[in-house]
Amino acid sequence: CCGNGSRGFRVAGDAATCVQERLVGPEITIATYCMRAGTMNGWIAFERELDRSGSTAWCRTVSDPDYLCQQIGELVHGTMTRFDGLRGFCNIQAVWHNKGAMIPFEVNCRVSGTVAIRHTFGYTDVIWAIQEHLFGISPALPVLRSGSAQRRSQEICDTLQRARLE
């Protein structure tokens with residue numbers, strides 16, 4: 001799994017490592033929102049495939065109440081505990097290494113590129129931020145839906161085409 005942060009790294013010879021251990025397994029992206037009071041408003045996780053630019057091309061929700069979801073919950077809780085004082089958006093990239101251990105390799109405290117996909121599946125963290133910071137309203141717990149999504153570049157092309165015609 002190689003996102004933008006791994007661009008330019010090369011494996012030397014047939015070594016199993018370069019800068020860090022090569023993680024083998026599905027990539028998982030996990031979004032959580034930490035409210036002003038310091039509590040998390042749940043989380044949503046996707047198994048994903050990346051395009052050449054490192055953006056999510058395809059994803060499916062991870063919602064099975066099994067060992068994987070338990071590991072994700074523990075990872076999110078551990079990350080938020082370690083970074084006490086963190087508020088707002090948090091996106092954790094991890095690999096389900098050999099389908100055994102959940103290993104995080106990146107933490108981003110920003111609105112990530114899957115925001116529209118998350119919103120579609122019921123994790124409306126941008127709305128929560130607006131409610132909290134502009135209106136003083138505490139967000140309700142999310143009601144998540146399961147499914148998969150595929151990102152298409154057509155919507156970008158259509159927007160650019162319309163802009164050229166205007």
Side-chain angles (χ1 to χ4, degrees), residues 1-7 26-65 68-96 102-164 166:
C1 62
C2 295
N4 284 328
S6 299
R7 188 176 296 156
E27 182 169 328
I28 309 293
T29 182
I30 308 152
T32 187
Y33 180 80
C34 192
M35 297 183 288
R36 291 173 97 171
T39 56
M40 287 185 304
N41 203 24
W43 53 266
I44 188 167
F46 298 99
E47 179 179 344
R48 71 182 189 155
E49 293 177 5
L50 306 177
D51 63 17
R52 283 192 264 169
S53 72
S55 296
T56 301
W58 173 89
C59 64
R60 73 169 180 87
T61 55
V62 177
S63 57
D64 301 323
L68 178 58
C69 282
Q70 179 183 345
Q71 282 194 36
I72 292 170
E74 290 170 2
L75 175 63
V76 170
H77 179 73
T79 301
M80 301 312 277
T81 300
R82 184 173 184 183
F83 297 106
D84 187 32
L86 177 68
R87 300 293 182 267
F89 306 95
C90 184
N91 186 266
I92 304 166
Q93 306 299 327
V95 171
W96 191 23
M102 185 67 59
I103 301 175
F105 62 89
E106 186 174 313
V107 176
N108 297 304
C109 297
R110 60 176 170 78
V111 179
S112 74
T114 58
V115 68
I117 295 170
R118 293 194 309 267
H119 187 91
T120 299
F121 291 107
Y123 201 81
T124 57
D125 47 357
V126 172
I127 291 174
W128 302 333
I130 292 168
Q131 287 174 332
E132 269 203 307
H133 295 281
L134 293 181
F135 301 108
I137 299 170
S138 294
L141 285 172
V143 177
L144 302 178
R145 295 179 292 284
S146 296
S148 63
Q150 183 169 2
R151 184 174 277 154
R152 293 180 36 192
S153 61
Q154 184 64 40
E155 62 226 19
I156 296 167
C157 294
D158 286 347
T159 302
L160 291 173
Q161 183 67 21
R162 271 187 252 125
R164 285 187 194 124
E166 293 176 353

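What you see below is based on every heavy atom in this structure, not just the backbone, and it leaves out hydrogens, waters and symmetry mates.
Here the CD1 atom belonging to I28 is positioned 10.0 Å from the CD atom belonging to Q93, to the nearest 0.5 angstrom. Distance check: W43 CH2 to L75 CG gives 9.5 Å after rounding to the nearest 0.5 Å. Distance CD/Q71 to CD1/I103: 9.5 Å, rounded to 0.5 Å.
Between the side chains of T56 and R48, a donor-acceptor pair is found at a separation under 3.5 Å.
Between I30 and the options V62, I72, I44, a side-chain contact (heavy atoms from CB on, under 4.5 Å) holds for only I72.
You'll find the ring centres of Y123 and W128 inside the 6.0 Å limit.
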Hey, mind stepping through N108 and F89 against side-chain contact (heavy atoms from CB on, under 4.5 Å) and telling me if it holds?
CA-CA 8 Å; N108 297 304; F89 306 95; over 6 Å; no

Check against side-chain contact (heavy atoms from CB on, under 4.5 Å), E132 and Y33
CA-CA 11 Å; E132 269 203 307; Y33 180 80; 2.7 Å; yes

Using the side-chain contact (heavy atoms from CB on, under 4.5 Å) rule, take W58 and S148 through it: C-alpha gap first, then chi angles, then the decisive distance, then the call.
CA-CA 7 Å; W58 173 89; S148 63; 4.0 Å; yes

Does M40 form a side-chain contact (heavy atoms from CB on, under 4.5 Å) with C90? I'd like the steps, not just the answer.
CA-CA 10 Å; M40 287 185 304; C90 184; over 6 Å; no

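A side-chain donor-acceptor contact under 3.5 Å links T32 to the backbone of G42. Using modelled atom types, one side-chain atom of R87 and one backbone atom of R36 make a donor-acceptor pair closer than 3.5 Å. When atom types are taken as modelled, the side chain of N91 and the backbone of V111 share no donor-acceptor pair closer than 3.5 angstrom.
A 4.5 Å side-chain heavy-atom check between T114 and C59 finds every atom pair outside the cut-off. Proximity of D125 to N41: side-chain heavy atoms (C-beta onward) are nowhere separated by under 4.5 Å. Using a 4.5 Å heavy-atom threshold, the side chains of T61 and L144 count as separate.
G122 and R145 make their closest contact through N-NH2, 3.5 Å (heavy atoms, listed as atom of the first residue, atom of the second, distance). Of all heavy-atom pairs between G113 and R151, the closest is O-NH2, 2.5 Å.
In this structure, H133 places its NE2 atom where more than 12 heavy-atom neighbours from other residues, nucleotides or ligands lie under 6.0 Å away.
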